[in-house]
Asker: 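The structure follows.
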Amino acid sequence: MKTCSRRNLFKIAGAGSLALLLPVITKMNAGVAWADDKLDPESPQAAALGYVHHYSEVDASRFPRFEEGQICGNCQLAQGDLEADWMGCSIFPGKQVAREGWCSAWVLKRG
Ligand code: SF4
């Protein structure tokens, strides 16, 4: 007769937990934003930097340095998959910015 030790039970439980978390981890690594992770343009820091989800919404009178073609997707400060619709940004940790978004901290990506 085979017995199941406490150690084996923990191994099985650990493997089961990992199996349950795998889809979540995969989704996060794919650069898919969770709805509440998207940067709120109305939040104080985003508003101060003039962040918008789409460059067409930039207030050019407030930000005369803005030029067509400047988007989060080609900004040096963007993080992760720059071809994805949403990505990280070192200015806004823990939040996702839109690929076609913009803020006044934009810097052309090198290389
Ligand atoms: S710093 Fe760059 S990537 Fe971040 S929000 Fe501003 S333009 Fe987008």
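Both ligands and their constituent atoms are indexed starting at 1 by order of listing.
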Asker: Should you measure from each heavy atom of Tyr51, which atoms of ligand 1 turn up under 4.0 Å away?
Answerer: 5 (S)
Asker: Look at atom 1 (S) of ligand 1 and find which of Asn74, Leu77, Leu49 reaches it with the closest heavy atom.
Answerer: Leu77
Asker: Which residue, Ile91, Leu49, Ile71, Asn74, forms the side chain to side chain contact (heavy atoms under 4.5 Å, CB included) with Trp106?
Answerer: Asn74
Asker: Under the criterion side chain to side chain contact (heavy atoms under 4.5 Å, CB included), I'd like the reasoning laid out for Cys89 against Lys95: C-alpha separation, chi angles, the key distance, then a yes or no.
Answerer: CA-CA 7 Å; Cys89 169; Lys95 296 294 179 185; over 6 Å; no
Asker: What atoms of ligand 1 come within less than 4.0 Å of a heavy atom belonging to Trp106?
Answerer: 7 (S)
Asker: I'd like to know if the side chain of Asp59 reaches the main chain of Gly50, judged simply by a donor and an acceptor atom lying under 3.5 Å from each other, with no hydrogens or angles considered.
Answerer: no
Asker: Does Cys75 put an N, O or S atom under 2.8 Å from atom 6 (Fe) of ligand 1?
Answerer: no
Asker: Any atoms of ligand 1 less than 4.0 Å from a non-hydrogen atom of Cys72? List them with their elements.
Answerer: 3 (S), 5 (S), 7 (S), 8 (Fe)
Asker: Just to verify, which of Ser104, Ser43, Cys72 counts as forming a side chain to side chain contact (heavy atoms under 4.5 Å, CB included) with Tyr51?
Answerer: Cys72
Asker: Are Met87 and Val97 close enough, and set up right, to give a side chain to side chain contact (heavy atoms under 4.5 Å, CB included), and what steps lead you there?
Answerer: CA-CA 5 Å; Met87 60 196 67; Val97 296; 3.8 Å; yes
Asker: Atoms of ligand 1 less than 4.0 Å from Ile91 heavy atoms?
Answerer: 1 (S)
Asker: Number the atoms of ligand 1 from 1 as they appear, then name those within less than 4.0 Å of a heavy atom of Phe92, with their elements.
Answerer: 5 (S)
Asker: Provide, to 0.1 Å, the distance between atom 6 (Fe) of ligand 1 and the closest protein heavy atom, together with that atom's residue and name.
Answerer: Cys103 SG, 2.3 Å
Asker: Give the atoms of ligand 1, by number and element, whose distance to some non-hydrogen atom of Cys89 is under 4.0 Å.
Answerer: 1 (S), 3 (S), 4 (Fe), 5 (S)
Asker: Going through the checks in order, is the side chain to side chain contact (heavy atoms under 4.5 Å, CB included) test met by Gln79 and Phe92?
Answerer: CA-CA 10 Å; Gln79 299 174 328; Phe92 304 106; over 6 Å; no
Asker: Give a yes or no on whether Leu108 and Phe63 share a hydrophobic cluster (residues Ile, Leu, Val, Met, Phe, Trp, Tyr; joining criterion: side-chain heavy atoms under 4.5 Å apart).
Answerer: yes
